2 protein chains.
Amino acid sequence: MRITKQQADENKARVVETAARLFREKGFDGISVAELMHASGLTHGGFYNHFESKEALETAACAHVFDKSVAAIEAIAAIAEPQERAEAFEAYRRRYVSRKVRDYSATACPMVAFAGDVSRQPAPVREEYAAGLRRYLQAFERASAADGLQGEAKRQARLRAMAGARTLARSVAETDPALSDEILEAAVAALEPAP
Amino acid sequence: MRITKQQADENKARVVETAARLFREKGFDGISVAELMHASGLTHGGFYNHFESKEALETAACAHVFDKSVAAIEAIAAIAEPQERAEAFEAYRRRYVSRKVRDYSATACPMVAFAGDVSRQPAPVREEYAAGLRRYLQAFERASAADGLQGEAKRQARLRAMAGARTLARSVAETDPALSDEILEAAVAALEPAP
DNA sequence: TGTACATCAGTGAACGCGCGTTCACTGATGTAC
DNA sequence: TGTACATCAGTGAACGCGCGTTCACTGATGTAC
């Protein structure tokens, strides 16, 4: 059953992508190695050909998710034309607290998806998360400053309010959708438009 | 080994208190029935004399924690003298984002402690959480309005920013205390003083 | 009030189950000649 | 280029372990007389 080296690399990458999706949806402890492997089209026995442990995959998935989130914000901060940049950033913030994004928890922001879980995970996972969070906060701060909002405290409050809204909205999304919607709507109402 | 009815009731109450503490600290799935019973000074076999299942204890603990949190805010909202009330409320908000409170995760706010876990728990636990969150938001809104801050959207943004700060600060507390402190300090800086 | 017995909170061994991980095996790929 | 063999990604059964839950048992409490 030996396969091409390239095929094997693709399989590993696919497992990380699948894990990035399912860990966000169900939590690190909410999905088993066997389930992850089957969701990636493989059987569980081969897992340890690619990863030293489940913890190693958690670390890799965490880094992967933050990479994508940070890249998305940096792309906005990098827009040269100020008006266009401000509009893209406002659209980003509006999308962040939209129902659509809340309902696809598989693509959730890593801050929201992992925050509760991560402090109970082994140290390497926690460290990857902390490093990712730092990168994310810095990228957000850059985009936020470029957006023209004055005062770092105010800019950080904006981020915290967004993250708080998503966390709370998600926690009751299945059980009390009306309350969940209310929380998001209040968050949208509180968005200051781009200047 | 039969004991007094009163003694048995006290034992049950103690298990709920212990669970309220340890579920917040380690998550619903982070502590076993046996550990909970031993932490309450009992052995695990007797658990099912008091609770139908672990899930039933989770529900009871969730309600218990929200009861206490809501009572704390309502006590503030009930203060008659406006100046005194506003000061008490500001002190509450300041305490909420303090390092001291962050470092005692066993007494954490239920919104922060349970938000990540709860959406993966069985329906009764989720429902108890949703009901508790509703009560908490309403109590906070009452206290916030009595504090004199204008605009419901603004008042809710304040709550979300507080919860977001605590969630993020907690998630990196062990791994990156400096970042965790930064997040809390930014939250303190963003607190509008009572009028 | 005193006696006889049923009750039931608590105990600790045992259960089945799912988990992360290991292992012997397979067979196409990659390599040495 | 063709052949012989070593490599190793993938397979699925099996492992030990901790979990939630069950159970037979204990013995002081509560109750019926």
Side-chain angles (χ1 to χ4, degrees), chain A residues 1-20 22-23 25-62 117-118 120-126 128, chain B residues 1-20 22-23 25-62 117-118 120-126 128:
Chain A
M1 287 276 250
R2 185 175 194 185
I3 59 167
T4 279
K5 181 75 169 69
Q6 182 195 330
Q7 184 60 253
D9 287 347
E10 282 172 20
N11 284 350
K12 177 171 182 174
R14 190 147 30 83
V15 172
V16 173
E17 296 258 358
T18 305
L22 293 176
F23 281 151
E25 211 170 304
K26 299 170 187 297
F28 291 123
D29 296 335
I31 187 145
S32 68
V33 168
E35 287 172 313
L36 278 166
M37 289 298 277
H38 280 112
S40 309
L42 298 166
T43 51
H44 68 277
F47 180 80
Y48 295 87
N49 292 328
H50 293 301
F51 304 97
E52 205 183 313
S53 61
K54 190 187 184 189
E55 173 190 323
L57 175 61
E58 294 176 5
T59 306
C62 192
D117 264 15
V118 81
R120 297 157 201 150
Q121 295 300 316
V125 184
R126 293 208 312 267
E128 195 64 53
Chain B
M1 284 279 250
R2 186 175 191 184
I3 58 168
T4 278
K5 180 75 168 71
Q6 183 193 332
Q7 183 60 254
D9 287 347
E10 283 173 20
N11 284 350
K12 177 170 181 174
R14 191 147 29 84
V15 172
V16 174
E17 295 259 358
T18 306
L22 293 176
F23 281 152
E25 213 171 305
K26 301 170 187 296
F28 291 123
D29 296 334
I31 187 145
S32 69
V33 168
E35 287 172 314
L36 278 166
M37 290 299 277
H38 281 113
S40 308
L42 298 166
T43 52
H44 68 277
F47 179 81
Y48 294 87
N49 292 328
H50 292 301
F51 304 96
E52 204 184 312
S53 60
K54 189 188 184 188
E55 173 190 322
L57 175 60
E58 293 175 6
T59 306
C62 192
D117 264 14
V118 82
R120 296 158 201 151
Q121 295 301 316
V125 184
R126 293 207 313 265
E128 195 64 55

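Note that the coordinates shown come from a computational prediction; the quantities given were computed from them, not determined experimentally. Each chain gets a letter, A, B and so on, in the order its sequence line appears, and its residues count up from 1. Just so it is clear, the values below take in all heavy atoms, side chains as well, and ignore hydrogens, waters and symmetry mates.
Atom CZ of B/Phe51 is separated from atom P of C/dA9 by 12 Å (rounded to the nearest Å). Remark: P of D/dG27 and CD1 of B/Ile3 are 15 Å apart, rounded to the nearest angstrom. Between the NZ atom of B/Lys54 and the C1' atom of D/dT21 there is a distance of 12 Å, given to the nearest Å. Atom-to-atom, CZ of A/Arg14 to C1' of D/dG10 comes out at 12 Å; the value is rounded to the nearest Å. If you measure from atom OH of B/Tyr48 to atom C1' of C/dG12, you get 15 Å, rounded to the nearest angstrom. If you measure from atom CZ of A/Phe47 to atom P of C/dC19, you get 14 Å, rounded to the nearest angstrom. The nearest whole Å value for the distance from the CD atom in A/Glu10 to the P atom in D/dG10 is 11 Å. The nearest whole Å value for the distance from the CG atom in B/Leu57 to the P atom in D/dC19 is 15 Å.
Checked against C/dG20, D/dG12, D/dA28, the side chain of B/Arg2 finds its nearest nucleotide in D/dA28. Picking from C/dT7, C/dC19, C/dG10 the nucleotide with the shortest atom distance to the side chain of B/Asn49 gives C/dG10. With C/dA14, D/dG27, C/dA9 as the choices, the nucleotide that has an atom nearest any side-chain atom of B/His44 turns out to be C/dA14. For B/Asn11, taking side-chain heavy atoms from C-beta onward, the closest of the listed nucleotides C/dT22, C/dA9, D/dG10 is C/dA9.
Checked by atom type and distance alone, the side chain of A/Thr4 never pairs as donor or acceptor with a backbone atom of A/Gln7 at under 3.5 Å. Side-chain atoms of B/Arg120 never come within 3.5 Å of backbone atoms of A/Gly30 as a donor-acceptor pair (strictly under, hydrogens ignored). Using modelled atom types, no side-chain atom of A/Arg126 and backbone atom of A/Val118 make a donor-acceptor pair closer than 3.5 Å.
Applying the Watson-Crick and G-U wobble criteria (two distances, each under 3.5 Å), C/dT29 pairs with D/dA6. C/dC23 and D/dG12 make up a base pair, with Watson-Crick or G-U wobble contacts both under 3.5 Å.
Comparing B/Lys5 and B/Asp29 by the nucleotide of DNA chain D that holds the closest heavy atom to each, the one mapping nearer the 5' end is B/Asp29. The residue among B/Ser53 and A/His38 whose nearest nucleotide of DNA chain D is located toward the 5' end is A/His38.
Both the sub-6.0 Å distance and the 45° axial angle are satisfied by B/Lys12 relative to the ring of B/Phe51.
The pair A/Asp9-A/Arg14 does not meet the salt-bridge criterion, since no charged nitrogen lies less than 4.0 angstrom from a carboxylate oxygen.
The residue B/His50 sits close only to the backbone: its heavy atoms come under 4.0 Å of sugar-phosphate atoms, none of a base.
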